[in-house]
Amino acid sequence: MKRKLTALFLAAVAMTAFESEACTNILVSKGATKDGSTMITYTADSHQLYGCLYFHPAAKYPAGTMMPVYEWDTGKYLGEIAQVPETYSTVGNMNEHQLIITESTFGGRGLGDSTGIIDYGTLIYTTLQRAKTAREAIRVMSDLVNTYGYCSSGESFSIADPNEVWHMELIGKGVKMVNGNNVNKGAVWVALRVPEGYIGMHANQARITTFPLNDPENCLYSPDVISFAKESGFYKGPDKNFNFADAYAPLDFGSLRACEARVWSAFNRVTKGEMEKYLDYAMGYDASKRMPLFVKPAEKLSVKEVAWLMRDHFEDTPMDMRNDIGAGGHNLPYRWRPMHFSVDGQEYLNERAIATQQTGFWMLGQARNWLPDAVGGILWFGVDDSGTSCLTPIYTSSTRVPECFREGNGHMTEYSPTSAFWLFNRVANFAYLRYDLISKDIIKVIDELDTRNETEIPAVDAAAMLLYEQNPQLAIDFLTNFSVSTAQNMFERWQQLDQYLLVKYMDGNVKKEKESKFLDNGNGRNIPASPNYPGYNQEWQKAVAGSTGDKLKVVKTKNLPE
């Protein structure tokens with residue numbers, strides 16, 4: 001298909017969207033996984049979010065208890081809502097019943113309710129404390145926004161339990177004040193079940209288009225989702241043709257290139273190249289051939305394989321950032337913000353890949369229906385950039401969290417030597433300096449820890465089940481201890497990696513090694529062998545030579561003394 005470069009004029013309109021891009025989710029049905037579990041991934045991407053593991057133990061409350069609400073993004077106090085008599089324990093974005101909820105923001109038509117007191121973060125974490133299943137979560141979320149008002153912009157939510165995975169899209173209805181009350185309080189939404197054997201994905205752009213109006217087994221929606229769009233002038237036409245995304249979050253160049261492109265890349269990998277026909281769509285050149293909402297992977301996926309999809313940088317695609325001068329002298333697949341720049345009046349963009357430097361935390365929630373909830377739920381959790389970090393298993397029945405992930409152990413303006421977030425940032429920011437070299441050593445340790453976990457988890461499950469049959473609390477205590485110790489061991493291994501990388505790559509050199517030991521010069525006095533000097537890649541050297549003219553040329557000197 002001929003690329004329609006005229007679509008580039010939309011870039012100027014989309015620039016505000018570029019700045020707010022965050023979060024990527026993959027939704028995996030149990031029929032698409034090798035072990036029959038359901039999975040949801042999430043990168044919580046923000047330049048201001050501190051990566052830690054939220055923990056809320058189960059609790060009971062007397063009648064009349066009120067719960068204060070603080071906006072997740074800003075910490076702003078929003079108000080109070082009625083607390084329920086009993087809440088469930090939550091670890092991160094999963095609860096004790098193996099319910100998983102994550103999100104990505106699509107913004108849409110600016111229909112936030114300034115009078116509302118439920119933001120998207122409160123919606124997630126409150127629902128996790130109140131619901132057991134995905135369907136129940138959808139109902140609780142709808143009830144919360146209808147009762148208290150929804151003050152965030154449009155959101156895509158991933159919702160899963162051990163049996164079902166749902167993609168939900170929700171947006172407020174704005175403000176229409178009548179007699180001091182907002183008569184538009186609440187939200188419109190639609191939720192579709194991911195078909196068995198398929199995966200879904202969203203990355204800051206609404207993706208649900210048309211949907212069945214009479215299939216409650218696979219599709220749920222608010223009663224006014226279509227009528228409100230018609231009343232607001234967002235849609236004209238028969239109900240059966242209603243398109244949620246077009247009505248509430250129309251596509252533009254930014255939503256294609258910075259958002260749908262991420263979906264395209266992961267879909268293309270799992271379908272072994274079947275998405276090539278949608279490349280012009282992902283590049284923002286032609287919106288006419290829209291990608292499907294769900295795809296069937298060529299092969300069923302493991303936890304490790306799904307996690308690696310979250311480390312994607314558009315490698316070996318037309319959007320691969322390693323192949324132009326912006327990658328510097330060491331093939332860096334990242335670009336610093338802002339996401340756009342202007343040269344001689346022409347707007348340009350920096351790509352936005354799944355793996356990105358500003359991730360606060362990331363996770364893979366895994367729910368397994370053949371095990372009791374106390375054993376079945378695992379939150380594979382990590383902090384900072386998914387491309388330079390690993391995941392560690394946290395069983396969701398855990399009654400405490402590791403010190404390295406604890407809330408309050410450091411924050412965005414306070415370094416803590418015992419915080420995983422700061423440690424992983426140290427390693428990542430060092431790797432960004434010479435990515436082509438240092439990232440290889442990081443990947444080796446990621447693979448090392450992945451292999452350890454793959455080996456240990458089946459044995460841990462088996463041991464936990466033996467204890468569970470005696471007393472469920474024994475199993476919970478065992479899994480808590482395992483989760484905490486495994487995370488702390490991971491932290492210690494990353495400390496070793498941090499020190500190793502500094503010794504190996506200091507001052508632009510690379511020390512020689514043999515059998516995992518640095519070589520000395522043979523004199524036995526701890527002086528290293530002469531190091532390697534890798535310099536810069538050829539593309540960078542050409543650019544430097546071209547930009548400096550004759551200044552750096554080695555020439556024959558005139559008038560040298562004889």
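Just so it is clear, the structure is predicted and the values come from calculations on it, not from any experiment.
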Asker: Any salt bridge between R290 and D246, counting N to O under 4.0 Å?
Answerer: yes
Asker: Scan residues 191-232 for pairs that pass ring-ring contact (aromatic ring centres under 6.0 Å, His included), counting only residues two or more places apart or in two chains.
Answerer: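 Qualifying pairs, neighbours excluded: H167-H202, F211-Y221.
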Asker: List for me each residue that meets side-chain contact (heavy atoms from CB on, under 4.5 Å) alongside L449, sequence neighbours excluded, and say none if there are none.
Answerer: C390, V445, R452, M490, R493, W494
Asker: Do the ring planes of Y248 and F244 sit parallel (below 30°), tilted (30 to 60°) or perpendicular (above 60°)?
Answerer: tilted
Asker: Sequence neighbours excluded, which residues qualify as salt bridge (Lys or Arg N to Asp or Glu O under 4.0 Å) partners of E305?
Answerer: K34
Asker: Are D35 and R368 close enough for a salt bridge, meaning some N to O gap below 4.0 Å?
Answerer: no
Asker: Using a strict 4.0 Å threshold on nitrogen-to-oxygen distance, state whether E217 and R193 make a salt bridge.
Answerer: yes
Asker: Taking F361 as the fixed residue, which of Y42, F421, W380 is the one that meets the ring-ring contact (aromatic ring centres under 6.0 Å, His included) rule?
Answerer: Y42
Asker: Hey, are R257 and D252 close enough for a salt bridge, meaning a charged N less than 4.0 Å from a carboxylate O?
Answerer: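 The answer is no: the pair does not qualify as a salt bridge.
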Asker: Minimum heavy-atom separation for V28 to V165, with atom names?
Answerer: O-CG2, 3.4 Å
Asker: Should the pair E96-K132 be classified as a salt bridge under the 4.0 Å nitrogen-to-oxygen rule?
Answerer: no
Asker: Any non-hydrogen side-chain atom of W362 less than 4.5 Å from a side-chain atom of S389?
Answerer: yes
Asker: Can you find a pair of side-chain heavy atoms, one from L364 and one from L391, that are under 4.5 Å apart?
Answerer: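 A side-chain contact under 4.5 Å exists here.
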Asker: When you check the gap from the basic side-chain N to the acidic O, do D224 and K173 get nearer than 4.0 Å?
Answerer: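 K173 and D224: salt-bridged.
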